[in-house]
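Data first, discussion second: the structure below is written as structure tokens.
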Amino acid sequence: MKTKTHLLSPLCLVVLGALFSLFAPAGFAQTFESSAFPDRITLTWSENPSNTQTVTWRTNISVKTPIAQIRKEDSSPARDQDFREYKAVTRTLAIPEGRDDRYHHVVFNGLSASTAYIYRIGDGENWSEWFQFWTAAAIGSAESFSFIYLGDGQNDLKSQWSRAVRQAFRHQPDARFIIHAGDLINRGNTDSEWGEWHYGASFIHSMIPAIPTPGNHEFYRNENDESLLDPHWAAQFTLPANGPESHRDAVFYIDYQNVRVISLNSQLIVREEDSREVQARWLEQVLAENPQKWTVITFHHPVYSTAKNRDNKTLRERFKPIFDRYGVDLVLQGHDHTYARGKGPDAPANGPVYLVSVAGPKMYQSDSDRWMDVALTQTQLYQVIHVSGGELELKTYKVSGELVDSFKLVK
């Protein structure tokens with residue numbers, strides 16, 4: 001008697017695949033593997049935000065001719081004409097999970113200020129959708145704009161941090177950039193966690209540029225037990241090369257209209273004396289030559305902690321005097337997984353407002369001496385900062401959209 005062979009229909013295979021995903025073991029992790037189609041599409045700046053825009057994306061190694069196309073947004077559906085095409089710069093990144101990926105970037109240049117553009121990326125056959133972004137007004141312009149600041153994401157990026165970044169976008173969809181104050185992921189050089197970070201932000205950073213600064217969790221130890229910045233960082237964030245030569249992967253500044261945003265690598269500041277001095281000297285020069293009305297500095301470890309067992313004394317002793325001397329306005333930090341806002345003890349009149357915030361679900365207690373004017377715990381948050389000429393207003397929201405803190409600076 002012959003045994004009958006039963007072939008599953010395509011519909012049955014789809015249903016079985018869905019059931020497997022639904023009932024897969026708790027430890028089953030999404031791999032976020034690359035393909036010939038562009039993903040992890042991220043806008044940053046490496047040059048002037050008023051006339052350039054940088055985009056970085058990922059593919060697998062089959063892509064040999066990565067390109068990008070751009071044109072002014074005119075609301076016409078005709079996309080196959082009047083665009084400019086750019087060849088991408090490519091680097092290969094060895095993934096510890098056992099494969100090679102390719103990261104590509106393009107700098108769109110010669111753009112007009114205060115103008116909407118659309119772009120797409122691909123290889124001539126495999127394309128992304130068309131995305132839209134706006135260029136900044138001219139450097140020094142007092143034209144109003146808003147941006148978003150997020151504290152640590154770090155854990156449960158796909159399932160819970162996603163709520164914070166998506167609600168922030170929902171609240172301020174015309175934000176011109178998003179500052180991420182370190183610990184974007186939990187385990188450095190872990191590709192699946194970067195996959196969750198990009199998944200959580202979805203298309204947002206394809207339209208709104210990221211300004212990231214690294215935290216301690218972006219560092220990992222290699223086979224020689226050296227502590228190094230995750231190689232994903234430079235591969236996926238194409239940033240200005242205006243920092244100290246040995247620190248250009250994470251120490252930089254960007255002038256967006258009348259705001260100078262400065263990123264420092266606080267993990268090296270608190271761990272390495274040589275790096276501390278290199279960054280301090282560079283910072284002093286950048287502030288001394290700063291022509292902008294507003295100055296915002298971001299790094300990960302707080303100058304004033306919210307926990308008794310944490311004290312970043314080197315930041316307070318070496319960098320706070322520089323902030324005070326040059327009238328820095330805002331210092332945006334993370335690391336302590338609480339919310340705090342204040343100027344700290346014995347602050348000069350022109351001293352900065354220090355903020356610590358958290359966007360992800362990992363929480364700590366706030367048990368430090370009360371240097372802060374406002375404190376909050378056990379709450380996922382996002383911040384919206386609005387700049388209008390001589391006024392800067394910051395508002396802090398729960399991920400529910402409820403306002404919990406606000407203040408205004410006037411010059």
Side-chain angles (χ1 to χ4, degrees), residues 148-157 160-161 163-165 168 178-188 193 197 211-219 227 250 262-271 276 279 296-320 323 328 330-345 347 351-383 385 394-399 404-407:
I148 293 166
Y149 147 54
L150 298 176
D152 301 30
Q154 188 173 344
N155 304 93
D156 299 315
L157 297 163
Q160 296 199 60
W161 172 77
R163 293 160 55 233
V165 66
I178 302 177
I179 290 177
H180 297 272
D183 282 5
L184 283 65
I185 63 169
N186 188 45
R187 295 172 296 167
E193 293 197 11
W197 189 84
I211 300 181
T213 194
N216 52 299
H217 284 269
E218 273 74 63
F219 282 75
S227 180
I262 302 170
S263 168
L264 299 174
N265 189 336
S266 64
Q267 176 68 0
L268 295 186
I269 288 172
V270 299
R271 293 292 180 90
R276 185 183 315 148
Q279 292 190 59
V296 176
I297 299 184
T298 184
F299 49 84
H300 184 60
H301 300 73
V303 170
Y304 297 104
S305 182
T306 63
K308 289 180 179 177
N309 62 346
R310 293 181 173 220
D311 185 13
N312 304 303
K313 187 177 179 181
T314 54
L315 274 166
R316 197 162 52 255
E317 290 182 347
R318 186 67 179 92
F319 286 82
K320 180 184 179 299
F323 302 158
V328 170
L330 285 180
V331 177
L332 305 179
Q333 310 149 112
H335 193 56
D336 280 0
H337 295 256
T338 58
Y339 179 74
R341 186 259 292 181
K343 286 199 165 190
V353 178
Y354 294 94
L355 286 102
V356 177
S357 192
V358 56
K362 182 181 178 182
M363 298 291 165
Y364 294 158
Q365 294 302 312
S366 181
D367 62 0
S368 70
D369 294 332
R370 290 294 163 188
W371 61 268
M372 66 285 282
D373 299 321
V374 180
L376 188 65
T377 60
Q378 301 297 317
T379 310
Q380 288 180 255
L381 302 160
Y382 64 91
Q383 284 71 220
I385 297 96
L394 184 146
K395 293 184 177 182
T396 296
Y397 297 90
K398 296 180 179 180
V399 292
V404 293
D405 184 29
S406 66
F407 67 92

Using ring-ring contact (aromatic ring centres under 6.0 Å, His included) as the criterion, list what pairs up with Tyr304, not counting sequence neighbours.
Tyr354, Trp371

Kindly say whether Asn186 contributes a backbone atom to a donor-acceptor pair with the side chain of Glu193 at under 3.5 angstrom?
yes

Quick one: does Gln279's side chain have a donor or acceptor within less than 3.5 Å of a partner on Asn265's backbone?
yes

Would you sort out whether Gln154 and Leu184 count as a side chain to side chain contact (heavy atoms under 4.5 Å, CB included), showing the intermediate values?
CA-CA 5 Å; Gln154 188 173 344; Leu184 283 65; over 6 Å; no

Does some side-chain heavy atom of Asp405 sit less than 4.5 Å from a side-chain heavy atom of Tyr339?
yes

How many angstroms lie between atom OG1 of Thr298 and atom CD1 of Ile211, to the nearest 0.5 angstrom?
9.0 Å

Student check: side-chain heavy atoms of His180 and Trp197 closer than 4.5 Å:
yes

Without swapping roles, check the side chain of Asn216 against the backbone of Gln267 for a donor-acceptor pair under 3.5 Å.
no

Heavy-atom side-chain proximity of Phe323 to Leu315 below 4.5 angstrom
no

Go through the steps to decide whether Glu218 and His300 satisfy the test side-chain hydrogen bond (donor to acceptor under 3.5 Å, both in side chains), and finish with yes or no.
CA-CA 11 Å; Glu218 273 74 63; His300 184 60; over 6 Å; no

Take Phe319 and Arg276, measure what side chain to side chain contact (heavy atoms under 4.5 Å, CB included) needs, and give me the verdict at the end.
CA-CA 9 Å; Phe319 286 82; Arg276 185 183 315 148; 3.8 Å; yes

Shortest non-hydrogen pair, Pro361 vs Gly153, comes out as CD-O, 4.1 Å

Atom pair CZ/OG1 of Phe407 and Thr396 - distance to nearest 0.5 Å:
7.5 Å

Taking the side chain as C-beta and beyond, is there a heavy-atom pair between Thr379 and Val404 under 4.5 Å?
no

Considering only heavy atoms from C-beta outward, does the side chain of Val353 approach that of Arg341 to under 4.5 Å?
yes

So does Thr338 get a backbone contact from the side chain of Thr377, meaning a donor-acceptor N/O pair under 3.5 Å?
no

Which heavy atom in Asp336 sits nearest to a heavy atom in Ser305, and how many Å separate them?
OD2-OG, 2.5 Å

In terms of heavy-atom contacts, Ser368 and Ala307 come closest through CB-N, 3.7 Å

Checking side chain to side chain contact (heavy atoms under 4.5 Å, CB included) for the pair Ser266/Gln333: CA distance, chi angles, key distance, verdict?
CA-CA 10 Å; Ser266 64; Gln333 310 149 112; over 6 Å; no

Spell out, as yes or no, whether a donor-acceptor pair under 3.5 Å connects the side chain of Thr213 to the backbone of Leu264.
yes

May I ask you to test the Asp311-Arg316 pair for a side-chain heavy-atom distance under 4.5 Å?
yes

For Val270, is there any backbone N or O sitting under 3.5 Å from a side-chain donor or acceptor partner on Thr314?
no

Non-hydrogen atoms of His337 and His335 that approach each other most closely
CD2-O, 3.1 Å

May I ask you to say whether Asp152 pairs ionically with Lys362, meaning some side-chain N is under 4.0 Å from a carboxylate O?
no

d(Leu394 CG, Ile385 CD1) to nearest 0.5 Å is 4.5 Å

Answer yes or no: is there a donor N or O on one side and an acceptor on the other, between the side chain of Gln380 and the main chain of Ala164, under 3.5 Å?
no

Minimum heavy-atom separation for Pro352 to Lys343, with atom names?
O-CG, 3.5 Å

Are any of the side-chain heavy atoms of Tyr149 and Leu355 separated by less than 4.5 Å?
yes

Does the side chain of Ile178 come within less than 4.5 Å of Tyr382's, by heavy atoms?
no

Taking Arg271 for its side chain and Ser227 for its backbone only, find out whether a donor-acceptor pair lies under 3.5 Å.
no

Nearest non-hydrogen partners of Ser263 and Ala250, listed with the distance
OG-O, 2.8 Å

Distance col, row Leu332:CG vs Ile179:CD1, nearest 0.5 angstrom, shows 5.0 Å

Say you draw a straight line from OG1 of Thr306 to CG of Asp367; how long is it, rounded to the nearest 0.5 Å?
7.5 Å

